[in-house]
Amino acid sequence: MSSNTGSSSLPDPSAPMAASPLTRAVLEIDEYAATLGWDQPARLFALVDTAKLRTQEPALAAQLGLDEPAGDSASYTPIEQDELPPGTPLDKFLGTIAWPDAVAGCALTVERQMLPPSAEGSVPHGMSEKQLAAWVAKHPERQEVRMTVAVLRDGARETALRLREKDSPKEVLTGADLVPGLAEALSATFAE
């Protein structure tokens with residue numbers, strides 16, 4: 001586990017309050033990614049239990065600004081991992097990950113282009129993945145989206161979606177099953 005950055009300072013007071021610790025973690029990562037701007041590479045985060053981090057790694061907790069309990073006993077601290085290897089397909093990279101026991105979950109933030117459901121019927125058949133990506137990139141109805149997907153060892157999952165055209169903390173959509181394929185791939189990194 002590396003500790004590049006990952007823990008942002010204080011949450012945006014205009015952002016909506018999240019109910020679960022996993023939702024709060026995914027929104028914290030989304031907000032951190034938003035500070036970096038768009039057109040960024042994918043970023044991988046380990047999620048660690050904040051209370052355990054304080055007791056087991058006090059120096060790291062202090063470095064991340066977590067040495068004082070914030071009154072919330074159930075929370076996860078995102079710790080950004082080393083940069084993903086350029087040119088490696090995401091599914092192949094995720095297949096190489098094994099997390100230590102101290103990691104309660106993981107999260108990935110990635111940007112993609114997507115089409116609204118109304119445009120899906122016009123997708124040409126028989127295209128390779130590369131050809132399809134090029135076709136979507138030229139489509140007039142395409143939208144750029146940043147997806148932040150988080151999973152825990154126990155199977156819990158959460159996603160935050162932010163459209164580039166609605167780039168505001170108040171416009172972030174959250175839900176457990178918004179990007180099921182990516183959530184499954186992240187869950188597989190915890191398979192024994």
Side-chain angles (χ1 to χ4, degrees), residues 1-9 11 15 18-36 38 40-61 63-66 70 72-112 114 145-162 169 172-192:
M1 185 164 51
S2 136
S3 60
N4 292 348
T5 56
S7 182
S8 61
S9 53
S20 82
L22 186 57
T23 302
R24 287 192 300 272
V26 86
L27 287 171
E28 179 181 345
I29 294 168
D30 171 76
E31 189 62 29
Y32 167 72
T35 66
L36 301 173
W38 287 86
Q40 296 292 315
R43 295 177 186 281
L44 182 67
F45 298 83
L47 297 177
V48 295
D49 180 290
T50 305
K52 286 182 182 176
L53 179 65
R54 278 191 205 101
T55 58
Q56 296 173 357
E57 298 284 343
L60 178 57
Q63 180 183 351
L64 296 173
L66 302 171
D72 182 11
S73 59
S75 68
Y76 298 102
T77 298
I79 301 175
E80 187 172 359
Q81 303 302 290
D82 292 331
E83 192 172 300
L84 279 64
T88 303
L90 195 54
D91 58 340
K92 289 196 188 300
F93 172 73
L94 292 176
T96 67
I97 295 175
W99 297 103
D101 291 340
V103 174
C106 66
L108 182 79
T109 183
V110 64
E111 295 175 16
R112 292 291 185 256
M114 64 179 220
V145 63
R146 181 183 302 118
M147 303 176 284
T148 303
V149 180
V151 299
L152 297 178
R153 282 185 188 272
D154 68 8
R157 53 177 66 174
E158 187 63 70
T159 301
L161 292 178
R162 182 186 291 241
V172 176
L173 178 65
T174 60
D177 294 317
L178 298 176
V179 189
L182 187 51
E184 288 297 323
L186 288 172
S187 292
T189 66
F190 291 103
E192 302 273 327

>> Run F45 and T148 through side chain to side chain contact (heavy atoms under 4.5 Å, CB included) and show every step you take.
In response: CA-CA 10 Å; F45 298 83; T148 303; over 6 Å; no
Separation between [atom1] of [X] and [atom2] of [Y], rounded to the nearest 0.5 Å:
X    : Y    : atom1 : atom2 : result
D82  : L44  : CG    : CG    : 9.5 Å
R146 : T109 : CZ    : OG1   : 6.0 Å
D49  : S75  : CG    : OG    : 7.0 Å
L182 : L90  : CG    : CG    : 6.5 Å
Q81  : C106 : CD    : SG    : 9.0 Å
L161 : M114 : CG    : CE    : 7.0 Å

> Partners of E184 by side chain to side chain donor-acceptor pair (under 3.5 Å), sequence neighbours excluded?
Replying inline: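 E184: side chain to side chain donor-acceptor pair (under 3.5 Å) contacts with R157.
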> Should V103 and I79 be marked as a side chain to side chain contact (heavy atoms under 4.5 Å, CB included) after you check the CA-CA gap, both sets of side-chain angles, and the distance that decides it?
Replying inline: CA-CA 10 Å; V103 174; I79 301 175; over 6 Å; no
>> Under a 3.5 Å distance rule, please check whether E111 uses its side chain to pair with a backbone N or O of M147 as donor and acceptor.
In response: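 Flag not set: sc E111 to bb M147 has no pair under 3.5 Å.
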>> I want to check something: taking the side chain as every heavy atom from C-beta on, are V48 and Y76 in contact at a cut-off of under 4.5 Å?
In response: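 The answer is no; the side chains never approach within 4.5 Å.
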> Do the side chains of L152 and L22 get nearer than 4.5 Å, heavy atoms only?
Replying inline: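 L22 vs L152: side chains touch.
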> Does the side chain to side chain contact (heavy atoms under 4.5 Å, CB included) test come out yes or no for W38 and R162, once each step is laid out?
Replying inline: CA-CA 11 Å; W38 287 86; R162 182 186 291 241; 4.3 Å; yes
>> Determine whether R24 and E158 satisfy the following criterion, salt bridge (Lys or Arg N to Asp or Glu O under 4.0 Å), listing intermediate values before the conclusion.
In response: CA-CA 10 Å; R24 287 192 300 272; E158 187 63 70; over 6 Å; no
>> Walk me through whether L186 and V149 qualify under side chain to side chain contact (heavy atoms under 4.5 Å, CB included).
In response: CA-CA 8 Å; L186 288 172; V149 180; 3.9 Å; yes
Looking at [X] and [Y], what are the two nearest heavy atoms and their distance?
X    : Y    : result
A176 : T159 : O-OG1, 4.3 Å
V172 : A160 : CG1-CB, 3.7 Å
V151 : L47  : O-CD1, 4.2 Å

> Quick one: do the T174 and T23 side chains pair a donor with an acceptor below 3.5 Å?
Replying inline: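 Per modelled atom types, T174 and T23 side chains form no pair under 3.5 Å.
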> So, Y32 and E80: side-chain donor and acceptor under 3.5 Å apart, yes or no?
Replying inline: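 Their side chains do contain a donor-acceptor pair, which is all the 3.5 Å distance test asks for.
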